[in-house]
Number of protein chains: 2
Amino acid sequence: MTVTLSDVAARARVSPATVSRVLNGNYPVAASTRERVLKAVEELDYVLNGPASSLAAATSDLVGVLVNDIADPFFGIMASAAQSAIGEGASGRAGGEKLAVVCNTGGSPERELTYLTLLQRQRAAAVILMGGSLEDPAHLAATAAKLSRMAEAGTRVVLCGRPPVPGDAHTAALVFDNRAGGRRLTRHLLGLGHTRIGYVAGPADRTTTRHRLEGHREALAAAGVAEGPTVHGLYDRASGHAAVAELLARDPGLTAIVAANDTVALGVCAALRERGLSIPGDLSVAGFDDLPFSVDAVPALTTVRLPLHDSGVRAGRLAMGTEEAPAGGTEPVPGELVVRDSTAAPRG
Amino acid sequence: MTVTLSDVAARARVSPATVSRVLNGNYPVAASTRERVLKAVEELDYVLNGPASSLAAATSDLVGVLVNDIADPFFGIMASAAQSAIGEGASGRAGGEKLAVVCNTGGSPERELTYLTLLQRQRAAAVILMGGSLEDPAHLAATAAKLSRMAEAGTRVVLCGRPPVPGDAHTAALVFDNRAGGRRLTRHLLGLGHTRIGYVAGPADRTTTRHRLEGHREALAAAGVAEGPTVHGLYDRASGHAAVAELLARDPGLTAIVAANDTVALGVCAALRERGLSIPGDLSVAGFDDLPFSVDAVPALTTVRLPLHDSGVRAGRLAMGTEEAPAGGTEPVPGELVVRDSTAAPRG
DNA sequence: TCTACGGCAGAAAGCGCTTTCTATCGTCGC
DNA sequence: GCGACGATAGAAAGCGCTTTCTGCCGTAGA
């Protein structure tokens with residue numbers, strides 16, 4: 001039925017061992033023999049049995065990329081970048097060829113753990129966890145435990161956009177400086193003269209949410225400005241849309257609204273428009289991430305640009321072992337303030 | 001080092017066979033024995049060796065989802081839906097537990113084939129190909145050959161948004177009626193009174209591109225209206241942006257522009273705005289897909305809504321074997337015309 | 001009481017590959 | 001011209017699991 005290594009060996013008149021060596025290319029094989037084997041492979045249309053190979057070699061060529069929401073371009077861009085970095089890693093002859101697969105956790109801790117177990121089962125070569133994590137201590141501990149077991153078993157673990165696990169030396173981490181980004185954004189608004197700023201935050205129990213919010217508060221505190229109303233929601237348009245009513249109810253005098261990310265900001269803009277309020281005339285709005293559509297929003301969104309693509313590529317390289325983890329701790333990747341048309345000095 | 005089945009067996013004082021049976025749950029095991037085994041599994045923190053298991057059982061729990069561009073919400077939404085349908089399929093005790101992984105081909109035929117081979121290596125349980133395909137005959141043949149080999153080997157193959165391979169009975173296919181959608185959209189424009197309509201198409205060699213464009217032409221032909229200028233580009237914002245100059249150069253009297261999809265339409269709108277043209281005052285613009293941001297564009301985009309989420313879910317179910325493929329050929333999934341503010345009657 | 005049978009558990013044979021260890025051959029140095 | 005060594009190829013022992021084939025034991029039917 002299926003063609004096996006021995007079939008190829010028989011046809012090439014060599015031993016299975018030789019075929020294996022030709023395919024893996026880590027042992028000297030005479031050029032003539034190699035050609036004969038390759039020809040047989042070709043003729044038989046042979047495909048290596050992955051499980052058998054992984055079993056015997058105790059490793060696999062799978063790299064798992066875990067993301068919170070694959071439908072969100074924030075993750076899509078990073079995952080895409082990582083995946084191409086990993087795919088290209090297959091530079092040399094053989095061996096480097098890895099299969100990067102992305103797994104969608106939907107932000108659910110259980111699914112995150114399930115995927116990790118599944119990846120562990122498969123003896124994945126590496127795992128990349130993208131995006132902020134839940135701050136529930138139980139979940140954190142469970143994840144950390146699982147990751148360190150995997151690391152022990154030889155799986156490379158890379159964190160991208162998620163705080164490093166304290167004390168885990170096995171893990172490479174790339175973290176975004178969400179706090180500084182939040183600070184910078186709010187400082188910009190303060191600089192324009194805003195003093196009544198509403199905030200639409202993400203889910204309360206996520207690191208990303210907390211850090212951005214903390215940055216916002218730090219900027220406020222530094223300027224001696226009182227904190228405005230804050231509403232928590234999901235990282236989606238609907239949350240932004242819904243938050244506006246609440247924010248305005250809590251402080252009708254708001255002159256600016258900061259959103260947890262660009263998608264939320266879009267929802268905020270929509271709601272504002274529906275109320276007949278102009279942006280930035282009546283209220284300024286700012287987002288975070290600088291997703292591709294943000295420049296096309298009307299008005300174009302002021303936001304904080306995160307190097308999503310670059311970070312994805314770096315995460316991919318770290319996972320491949322092509323690039324070494326920055327020694328001596330990871331300094332966070334900064335975000336860049338991008339000022340566009342959705343923010344302006346408050347009226348009057 | 002690593003805990004194996006035998007370790008568990010030893011601790012539970014049963015044979016490895018029994019442990020395997022408990023874990024797979026497809027053979028009668030006395031309740032007391034089962035509990036003993038489960039307890040040992042727990043205590044030893046045992047994780048099944050996937051490769052070994054796949055090797056012995058000649059199947060794996062991997063489901064591959066191939067997409068053209070994971071950073072594009074069009075694919076993100078479908079992939080996400082498919083993945084959750086597959087994840088939930090793990091309803092019953094054991095066995096149903098599948099790992100859905102998404103693979104980003106970047107629209108490259110080679111990478112598509114590479115991923116397929118890798119998935120074939122892993123003896124994937126199923127493969128879902130999402131989105132239109134390249135129309136190159138060589139590639140089509142290669143893909144079809146590979147898919148049918150995989151199908152023979154027991155991998156379920158599902159096509160979602162891609163035309164079925166003629167004569168391949170193994171393959172379930174879900175196709176979007178891009179042609180009808182294109183027709184409907186252009187008819188809408190014609191109905192408003194437009195007769196000089198530009199078209200920004202996707203890459204020329206993709207099925208999706210061709211079908212949408214054909215629908216457009218059919219509508220034009222049916223109304224006896226001459227075809228306007230057409231420009232091909234990628235399915236991204238930049239292409240839409242760049243196309244405007246060319247379109248307007250070819251016919252400065254254009255009153256409407258139809259874009260290959262919403263992302264392209266956004267680029268078109270941006271370029272128009274930069275030229276000081278108002279939408280829909282000076283020109284109407286229409287997109288395709290109805291991605292989440294389209295409703296928030298200003299003006300909100302007229303477009304054709306495709307049931308991305310539903311289709312993804314169905315594709316996932318088909319891959320799981322939970323849902324049977326529609327017998328007697330697949331009738332295409334229709335798109336729904338969504339009229340919003342970016343289209344209006346041409347001026348004067 | 002004896003036989004038959006159903007319900008469980010174990011033994012053991014692989015699944016298809018990798019990899020150590022061993023064997024062979026040709027060639028080089030003296 | 002002889003022993004040794006480098007370069008290749010083969011034999012065979014697993015990797016950790018699944019599953020068929022047996023076997024045991026207890027109960028039910030006669």
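Below, chain A is the first sequence line, B the second, and so on; all start at residue 1.
With B:D72 contributing its side chain and B:F74 its backbone, the two residues share a donor-acceptor pair below 3.5 Å.
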Please tabulate, for the side chains in residues 130-143 of chain B, all donor-acceptor contacts under 3.5 angstrom to protein atoms that are two or more places apart in sequence or on a different chain.
| unit_1 | atom_1 | unit_2 | atom_2 | d |
| --- | --- | --- | --- | --- |
| B:E135 | OE1 | B:R210 | NE | 2.8 |
| B:E135 | OE2 | B:R210 | NE | 2.9 |
| B:E135 | OE2 | B:R210 | NH2 | 2.6 |
| B:D136 | OD2 | B:H139 | N | 3.1 |
| B:H139 | NE2 | B:E112 | OE2 | 3.4 |
| B:H139 | NE2 | B:T143 | OG1 | 3.3 |
| B:T143 | OG1 | B:H139 | O | 2.8 |

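Considering only residues two or more places apart in sequence or on other chains, A:E110 meets the side chain to side chain contact (heavy atoms under 4.5 Å, CB included) condition with A:S108. Partners of A:D7 under the side chain to side chain contact (heavy atoms under 4.5 Å, CB included) rule, at least two apart in sequence or in another chain, are A:V3, A:T4, A:L44. Taking B:R21 as the reference, nothing meets the salt bridge (Lys or Arg N to Asp or Glu O under 4.0 Å) condition, with sequence neighbours excluded. For B:A57, the side chain to side chain contact (heavy atoms under 4.5 Å, CB included) partners are B:T59, not counting sequence neighbours. Residues passing the side chain to side chain contact (heavy atoms under 4.5 Å, CB included) test with A:A151 are A:V157, A:H170, sequence neighbours excluded. In this structure A:T117 satisfies the side-chain hydrogen bond (donor to acceptor under 3.5 Å, both in side chains) test together with A:K146, sequence neighbours excluded. Under the side-chain hydrogen bond (donor to acceptor under 3.5 Å, both in side chains) criterion, A:S311 pairs with no residue, sequence neighbours left out. For B:S54, there are no side-chain hydrogen bond (donor to acceptor under 3.5 Å, both in side chains) partners at least two apart in sequence or on another chain.
Taking the side chain of A:T2 as heavy atoms from C-beta on, and the options C:dA9, D:dT19, C:dG16, the nearest nucleotide is C:dG16. Distances from the side chain of A:P28 to the nucleotides D:dT8, C:dA11, C:dC8 place D:dT8 closest. Ranking D:dA9, D:dT19, C:dT19 by closeness to the A:A57 side chain, first place goes to C:dT19.
Between the C1' atom of C:dC15 and the CG atom of A:L48 lies a distance of 14 Å, rounded to the nearest Å. When the P atom of D:dA7 is taken as reference, atom CG of A:N26 falls 16 Å away, rounded to whole Å. At whole-Å resolution of the value, CZ in B:R36 and P in C:dA9 are 8 Å apart. Here the P atom of nucleotide C:dT18 and the CZ atom of A:R123 are 17 Å apart, to the nearest Å. Between the C1' atom of D:dT8 and the CZ atom of A:R13 lies a distance of 19 Å, rounded to the nearest Å. In this entry the distance linking CG of B:N49 with C1' of D:dG14 reads 14 Å, nearest Å.
Within 4.0 Å (heavy atoms only), A:V29 reaches sugar-phosphate atoms of the nucleic acid but no base atom. Using a 4.0 Å heavy-atom cutoff across all strands shown, A:S20 reaches at least one base atom of the nucleic acid.
A sub-4.0 Å separation between OP1 or OP2 of D:dT18 and a side-chain N or O of B:N24 is present. Between B:T33 and the phosphate of C:dA9, there is a side-chain N or O to OP1/OP2 separation shorter than 4.0 Å. For D:dA9, the OP1/OP2 oxygens have no side-chain nitrogen or oxygen of A:S15 closer than 4.0 Å. Put simply, B:T18 has a side-chain N or O that comes within less than 4.0 Å of OP1 or OP2 on C:dG10.
Mapped onto DNA chain C by nearest heavy atom, A:L55 and B:A17 fall at different nucleotides, with B:A17 at the one closer to the 5' end. For the pair A:P16 and B:V14, both in contact range of DNA chain C, the more 5′-proximal nearest nucleotide belongs to B:V14.
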For nucleotides 23-26 of chain D, which of its nitrogen or oxygen atoms have a protein nitrogen or oxygen under 3.5 Å away, and what is each distance?
none

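Note that CD of B:Q120 and OG1 of B:T155 are 7.5 Å apart. Values are rounded to the nearest 0.5 Å.
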The contact string for nucleotides 21-28 of chain C, one letter per nucleotide 5' to 3', using protein heavy atoms under 4.0 Å with B, S and - for base, sugar-phosphate only and none, comes out as --------

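A:E35 and A:K39 are not joined by a salt bridge, as no carboxylate oxygen comes within less than 4.0 angstrom of a charged side-chain nitrogen.
Listed in residue order, the members of residues 4-12 of chain B having a heavy atom less than 4.0 Å from DNA chain D are B:T4, B:L5.
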